[in-house]
Asks: 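Below is one structure. I have some questions about it.
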2 protein chains.
Amino acid sequence: MNYQKEKTLAQSRAKVIKALGHPTRIFMVALLSEKERSVGELTEIAGADVSTISKHLSILTQQGILTFRKEGNRVLYNLICPCIMQFIHCIDDVIYKDAQRGLSCILPDLKIPENTQANNPSE
Amino acid sequence: MNYQKEKTLAQSRAKVIKALGHPTRIFMVALLSEKERSVGELTEIAGADVSTISKHLSILTQQGILTFRKEGNRVLYNLICPCIMQFIHCIDDVIYKDAQRGLSCILPDLKIPENTQANNPSE
DNA sequence: ACTCTATTTGGCTAATTTGCCAAATTACCA
DNA sequence: TGGTAATTTGGCAAATTAGCCAAATAGAGT
């Protein structure tokens with residue numbers, strides 16, 4: 001593994017991931033995975049100021065996650081890369097596995113691999 | 001689609017994604033996808049203060065992305081969910097598609113779907 | 001108990017990110 | 001040309017995050 005190259009890659013990757021790492025933004029990505037929507041629709045569903053939504057959309061677009069097209073008055077946004085949903089499922093998997101570990105504290109019989117409970121190495 | 005439920009999900013998802021959305025953190029995840037490593041090793045490769053690395057690792061662990069085990073003096077970190085690499089490939093796909101669009105400005109003949117060039121709806 | 005190495009924690013400042021308001025822009029229509 | 005709806009931009013205050021130093025903690029060996 002070429003550390004230097006991997007480090008550079010990490011810079012680019014982090015930018016894209018960071019764009020997705022906001023509740024409202026990942027929510028809108030999920031909404032757009034269903035179908036194209038206008039800023040207005042997204043604003044109403046997400047429930048925030050239009051200007052805020054617009055800025056979120058611009059961040060996602062800058063990172064190559066969304067596209068838009070104009071139709072009359074309105075701007076319609078679209079998901080570019082369908083693999084994003086696969087991405088989301090991977091995240092859900094992490095959340096699910098984490099919940100399992102959480103549960104196992106209450107129901108220890110489920111038996112989970114050791115040292116996977118918490119985050120504090122001291123103890 | 002149940003917006004309310006999806007909105008709640010978005011909260012959880014964003015936490016995990018945010019944890020991954022930092023150059024050093026996603027770099028370490030890539031490193032750990034190869035093999036288990038100690039804080040010291042990661043610190044040397046990543047090139048930052050140990051305390052900084054330790055905090056990054058704790059963030060990733062809190063979000064259920066990493067585990068650790070202790071061996072003597074050292075703490076060895078591990079990737080929990082192998083699907084994270086799949087996740088990274090998805091991001092790389094976004095980056096790749098974006099680069100293609102960038103190129104196409106220079107080499108317009110490549111022919112790309114319309115309205116996918118930039119991020120500024122005005123114009 | 002003392003020392004050495006590895007790692008985590010506290011604390012503090014600097015940098016970045018959010019979200020809202022007000023103002024500007026764009027497209028359409030009368 | 002004026003008006004209206006949709007969207008973006010500027011700008012600012014509040015909140016969050018990052019990264020470094022110093023100090024604390026943990027494990028092994030002497």
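FYI, side chains are in, hydrogens and waters are out, and symmetry mates aren't considered; it's all heavy atoms of this structure. In what follows, every chain begins at residue 1, and chains take the letters A, B, ... in the order their sequences are listed.
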Asks: When rounded to the nearest 0.5 angstrom, what distance separates CG in A/Leu60 from CZ in A/Arg25?
Replies: 6.0 Å
Asks: Nearest whole angstrom, please: distance from the C1' of D/dT25 to the CZ of B/Arg74.
Replies: 18 Å
Asks: At less than 4.0 Å, is any side-chain N or O atom of A/Tyr77 found next to OP1 or OP2 of D/dA6? Yes or no.
Replies: no
Asks: Within the structure shown, what part of the strands sits under 4.0 Å from B/Ser38 by heavy-atom distance: base, sugar-phosphate, or nothing?
Replies: sugar-phosphate
Asks: In whole angstrom, what separates A/Asn73's CG from C/dA27's C1'?
Replies: 5 Å
Asks: Can you check the B/Ile53 CD1 to C/dT9 P distance for me, whole Å?
Replies: 15 Å
Asks: CD1 of A/Ile95 to CD1 of A/Ile88: how many Å apart, nearest 0.5 Å?
Replies: 10.0 Å
Asks: Only one of A/Leu42, A/Leu66, A/Thr24 clears side chain to side chain contact (heavy atoms under 4.5 Å, CB included) with A/His56; which?
Replies: A/Thr24
Asks: Does the pair B/Glu6/B/Arg13 count as a salt bridge with the N-to-O cut at 4.0 Å?
Replies: yes
Asks: Rounded to the Å, how far apart are B/Leu42 CG and C/dA6 C1'?
Replies: 13 Å
Asks: Which listed nucleotide (D/dT7, D/dG27, C/dT8) is nearest to the side chain of B/Ser54?
Replies: C/dT8
Asks: Tell me which nucleotide among D/dT8, C/dA27, C/dT8 gets nearest to the side chain of A/Val75.
Replies: D/dT8
Asks: Ion pair present between A/Lys35 and A/Glu41, side-chain N to carboxylate O less than 4.0 angstrom?
Replies: no
Asks: Hey, could you give me the OH/OG1 distance between A/Tyr3 and A/Thr8, rounded to the nearest 0.5 Å?
Replies: 14.5 Å
Asks: When every nucleotide of nucleotides 15-24 of chain D is labelled 5' to 3' by its protein contacts under 4.0 Å (heavy atoms), B for base, S for sugar-phosphate only, - for none, what sequence of letters results?
Replies: --SSSBBB--
Asks: Whole Å only: how far is the CD atom of A/Glu44 from the C1' atom of D/dA5?
Replies: 15 Å
